[in-house]
Visitor: 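Dropping the structure in here first, questions after.
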Amino acid sequence: MRVLISAGEASGEMYGAQLIEALLSREATSAHVGTAAPSASSGQALGCPADSKSRLAFFGVGGERMRAVGCDTVVDAKDLSVVGITEILSHLPKIYSLFHHLIAESDIRKPDLAIVIDSPAFNWRVARQMKKRGIPVVYYVAPQFWAWRQGRVRLLRKYIDKALVIFPFEEQFYRERGVDATFVGHPLADLPYPAIERGDYAAQFHLDPEKQWITLMPGSRVKEVRMNLPTILEAAAQLGDAYEFLLPVAPTLDRSFLLNLIGQQKITLVPESLPALRHSRAGIVASGTATVEAAMMSTPFVMVYRVTPLTYLLGKPRVKVPRFAMVNLIAGEEVVPELVQQNFTAQNVVARLREILPDGPARNRMLAGLAQVKGKLRAPQARSGSQQPPADRAAEIILNLGTLNLNPVFAGSRKQEAGSR
């Protein structure tokens, strides 16, 4: 049974890998009904790539994380990582070429199910083509149409069979507009803190454990980083050598690209965001999934963002929400400061950071607010006592749709039925 899965950016690619793991784990459980559970060394346990015995085969759009769990990425997510209205227009020929390549592969491989993850500009078109071919479509991490362009909800009604949403208010929003949506919890909400101790982390990356650390997260797309990182670096320079500055390299970015922007400034590049955030005193974080990551790691931060003036001019009237930072939207109030466009200056970043770096009321208020946000992002099952992670909940719902039958006997009879029609 083949599954097309399309995740066009760093966060979606991480969620895609988690979902593939959850589906493979349930397949392994189904295959071993009545026998001992598969061991990690069997190659069929959670986190192991699909092997030749797996009845589930994944292909589509993704990156290193999805490839590591067995997905054949016929389009690399790095090639779709653009942001902003004007930036997307300049990349349209390349994006359309990759899109047609994906659809051509789909016509050859004939998937039983399509799962699209976030990246609405690309993925609703994928969903439309799948629907035309009679292939059921699940949208995991549904588009944030509640924030802007609400009229586009009609696309989900038309092309999506099931929407799996990760923010608590989204389920009602989409259901009221005729979309079959279920809140499964945020994929980051139940992540454990990284196991590595601060001292070991400092030794691994040659950091001074006596200094306070600040994590810099300028975005996961090239244009985004070009717009945000220079001002972030200026703020770091103003803060001075009293701090260590860590910059996690998003999977959609090349290390050399970041090094060229950083120049001679002392910034330590690290491979993962969560340990960096967890062991940092604070962060400077671009708007997006990274703000949720910081909240999950209980790291106070300042949210920043900048797009081109034209993109901002065209996009601002369409925005339907009062805040930019996702943690503030979830909380319904300002938990973290938002520095956007002309307010995003090095001086403002430094001033707001200096409020939350020392112990005191401002830092304590932010930590309490981030804790409340984390609680709201947990799936209902987790709040009632179950430990089912969001990816497992999503996998359960997908399998209950009946599109992927992991029982080989029933799967075979289903193919016979399809052939007789």
Visitor: Could you go through Asp241 and Lys266, starting from their C-alpha distance and side-chain angles, then the distance that decides it, and tell me whether this counts as salt bridge (charged side-chain N to carboxylate O under 4.0 Å, His left out)?
Guide: CA-CA 9 Å; Asp241 294 336; Lys266 189 179 183 304; over 6 Å; no
Visitor: So do Arg157 and Val179 actually touch side chain to side chain, heavy atoms under 4.5 Å?
Guide: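 A side-chain contact exists here, since the closest heavy-atom pair is under 4.5 Å.
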Visitor: Find out whether Ser280 and Ile214 are in side-chain contact, i.e. whether some heavy atom of one side chain is under 4.5 Å from a heavy atom of the other.
Guide: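 They are not in contact (no side-chain heavy atoms under 4.5 Å apart), so the answer is no.
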Visitor: Would you call the rings of Trp213 and Tyr201 parallel, tilted or perpendicular, taking 30° and 60° as the class edges?
Guide: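 The arrangement is tilted - the two ring planes meet at 30° to 60°.
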Visitor: For Thr252, is there any backbone N or O sitting under 3.5 Å from a side-chain donor or acceptor partner on Ser220?
Guide: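 No; judged by distance alone, with no hydrogens or angles, the pair does not exist.
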Visitor: With side chain to side chain contact (heavy atoms under 4.5 Å, CB included) as the criterion, how do Val327 and Phe301 come out once you've worked through the C-alpha distance, each side chain's angles and the decisive distance to 0.1 Å?
Guide: CA-CA 11 Å; Val327 294; Phe301 66 96; 3.9 Å; yes
Visitor: Could you report the tightest heavy-atom contact between Ile166 and Glu170, atom names first, then the distance?
Guide: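 The answer is N-OE1, 3.3 Å.
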Visitor: Strictly distance-based, threshold 3.5 Å: is any side-chain N or O of Glu27 a donor or acceptor partner for the main-chain N or O of Leu56?
Guide: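 Between the backbone of Leu56 and the side chain of Glu27 there is a qualifying donor-acceptor contact (under 3.5 Å).
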Visitor: Can you see which heavy atom on Thr231 is nearest to which on Ala346, and at what distance?
Guide: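 Result for this residue pair: CG2-N, 3.5 Å.
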Visitor: So do Ile232 and Val349 actually touch side chain to side chain, heavy atoms under 4.5 Å?
Guide: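 Side-chain contact under 4.5 Å: no.
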Visitor: Does atom CD of Gln265 have more than 12 heavy-atom neighbours from other groups under 6.0 Å away?
Guide: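 Yes, because the 6.0 Å sphere around CD of Gln265 holds more than 12 heavy atoms from other groups.
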Visitor: What I want to check is whether the side chains of Thr73 and Asp76 have a donor and an acceptor closer together than 3.5 Å.
Guide: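 Side-chain D/A pair, Thr73 to Asp76: absent.
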Visitor: Mind checking whether Asn228 and Phe344 have side chains closer than 4.5 Å, heavy atoms only?
Guide: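 Yes; the side chains approach each other to less than 4.5 Å.
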Visitor: At what distance, to the nearest 0.5 angstrom, does CG of Leu353 lie from CD1 of Ile284?
Guide: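 So the gap between those two atoms works out to 5.0 Å.
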Visitor: For the pair His279 (side chain) and Ile196 (backbone), establish whether a donor and an acceptor sit closer than 3.5 Å, ignoring hydrogens and angles.
Guide: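 Confirmed, His279 side chain pairs with Ile196 backbone.
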Visitor: Judged by atom type as modelled, is there a donor-acceptor pair below 3.5 Å linking the side chain of Thr215 to the main-chain atoms of Ala276?
Guide: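 Yes, because the side chain of Thr215 sits within donor-acceptor range (under 3.5 Å) of the backbone of Ala276.
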Visitor: Have Glu224 and Tyr305 got a donor and an acceptor in their side chains that come within less than 3.5 Å?
Guide: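 There is such a pair (donor and acceptor under 3.5 Å, judged by atom type) between the side chains of Glu224 and Tyr305.
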Visitor: How far does CE of Met217 sit from OG1 of Thr299, to the nearest 0.5 angstrom?
Guide: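 Rounded to the nearest 0.5 Å, the CE-OG1 separation comes to 10.0 Å.
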Visitor: Just so I know, are the side chains of Glu105 and Val74 near enough to count as touching, which here means a heavy-atom distance under 4.5 Å?
Guide: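 Glu105 reaches Val74 side chain to side chain.
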Visitor: Does some side-chain heavy atom of Phe59 sit less than 4.5 Å from a side-chain heavy atom of Pro111?
Guide: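 Yes; the side chains approach each other to less than 4.5 Å.
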Visitor: Just verifying a value: how many Å separate Leu259 CG and Asp254 CG, rounded to the nearest 0.5 Å?
Guide: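 The distance works out to 10.5 Å.
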Visitor: If you count the non-hydrogen atoms of other residues, nucleotides and ligands that lie under 6.0 Å from CD in Glu272, is the total more than 12?
Guide: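 12 or below, so no.
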Visitor: Do Val3 and Leu23 have side chains that get closer than 4.5 Å, going by heavy atoms?
Guide: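 The answer is no; the side chains never approach within 4.5 Å.
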Visitor: Ignoring hydrogens, what is the shortest heavy-atom contact between Arg175 and Thr182? Give both atom names and the distance.
Guide: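 Looking at all heavy atoms of both residues, the shortest contact is NH2-OG1, 3.7 Å.
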Visitor: List the steps, then state whether side chain to side chain contact (heavy atoms under 4.5 Å, CB included) holds for Arg152 with Trp124.
Guide: CA-CA 10 Å; Arg152 288 210 160 193; Trp124 80 259; 3.4 Å; yes
Visitor: Under 4.0 Å between a Lys/Arg side-chain N and an Asp/Glu carboxylate O for Arg2 and Asp72?
Guide: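 Judged by the 4.0 Å cut-off on N to carboxylate O distance, Arg2 and Asp72 do not form a salt bridge.
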Visitor: Set out, in order, the CA-CA distance, both residues' side-chain angles and the distance that settles side chain to side chain contact (heavy atoms under 4.5 Å, CB included) for Val292 and Met296, then state yes or no.
Guide: CA-CA 6 Å; Val292 179; Met296 296 307 100; 4.2 Å; yes
Visitor: Checking the side chain of Arg281 only, and the main-chain atoms of Leu357 only, is there a donor and an acceptor separated by less than 3.5 Å?
Guide: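 Indeed, once roles are kept as given, a pair shorter than 3.5 Å links the two residues.
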Visitor: Is it the case that over 12 heavy atoms from other parts of the model lie below 6.0 angstrom from the NZ atom of Lys211?
Guide: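 Atom NZ in Lys211 is packed in, count exceeds 12.
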Visitor: Check Arg133 with Asp107, please: is the shortest side-chain N to carboxylate O separation under 4.0 Å?
Guide: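 Here Asp107 pairs with Arg133 in a salt bridge, since their nearest N and O are under 4.0 Å apart.
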Visitor: Has Asn328 got a side-chain atom pairing as donor or acceptor with Val335's backbone, closer than 3.5 angstrom?
Guide: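 Indeed, once roles are kept as given, a pair shorter than 3.5 Å links the two residues.
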Visitor: For Asn123 and Ser6, work out which heavy atoms get closest and say how close.
Guide: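 Taking Asn123 first and Ser6 second, the nearest heavy atoms are OD1-OG, 2.6 Å.
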Visitor: Taking atom CG of Leu19 and atom CD1 of Ile115, what is their separation to the nearest 0.5 Å?
Guide: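 CD1 of Ile115 is found 5.0 Å from CG of Leu19.
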Visitor: Could you tell me whether Gln172 atom CD has more than 12 heavy atoms of other residues or ligands within 6.0 Å of it?
Guide: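 Count not over threshold, so no.
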Visitor: Tyr139 side chain to Asp118 main-chain N or O, any donor-acceptor pair under 3.5 Å?
Guide: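 Checked: pair present.
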Visitor: Run the side chain to side chain contact (heavy atoms under 4.5 Å, CB included) check on Ile398 and Tyr140 step by step: do they pass?
Guide: CA-CA 10 Å; Ile398 289 169; Tyr140 184 38; 5.9 Å; no
Visitor: For Leu377 and Pro168, work out which heavy atoms get closest and say how close.
Guide: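 Smallest interatomic distance, heavy atoms only, reads CD2-CD, 4.0 Å.
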Visitor: Can you see which heavy atom on Val137 is nearest to which on Met130, and at what distance?
Guide: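 So the minimum-distance heavy-atom pair works out to CG2-CB, 3.7 Å.
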Visitor: Is there a side-chain contact between Phe245 and Leu233 (heavy atoms, below 4.5 Å)?
Guide: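 Not touching, per the 4.5 Å side-chain cut-off.
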Visitor: Using 4.0 Å as the upper bound for N to carboxylate O, is an ion pair formed by Asp161 and Lys131?
Guide: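 Salt bridge: yes.
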Visitor: Can a cation-pi geometry be assigned to Arg125 and Phe99, taking NZ or CZ under 6.0 Å from the six-membered ring centre and within 45° of the ring axis?
Guide: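 Because its charged atom misses either the 6.0 Å distance or the 45° angle limit, Arg125 does not stack over Phe99.
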Visitor: To the nearest 0.5 Å, what is the distance between OG on Ser106 and CG on Leu4?
Guide: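 One finds 5.5 Å between OG of Ser106 and CG of Leu4.
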Visitor: Between CD of Glu13 and CZ of Arg67, what distance do you get to the nearest 0.5 Å?
Guide: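 Separation between the atoms: 7.0 Å.
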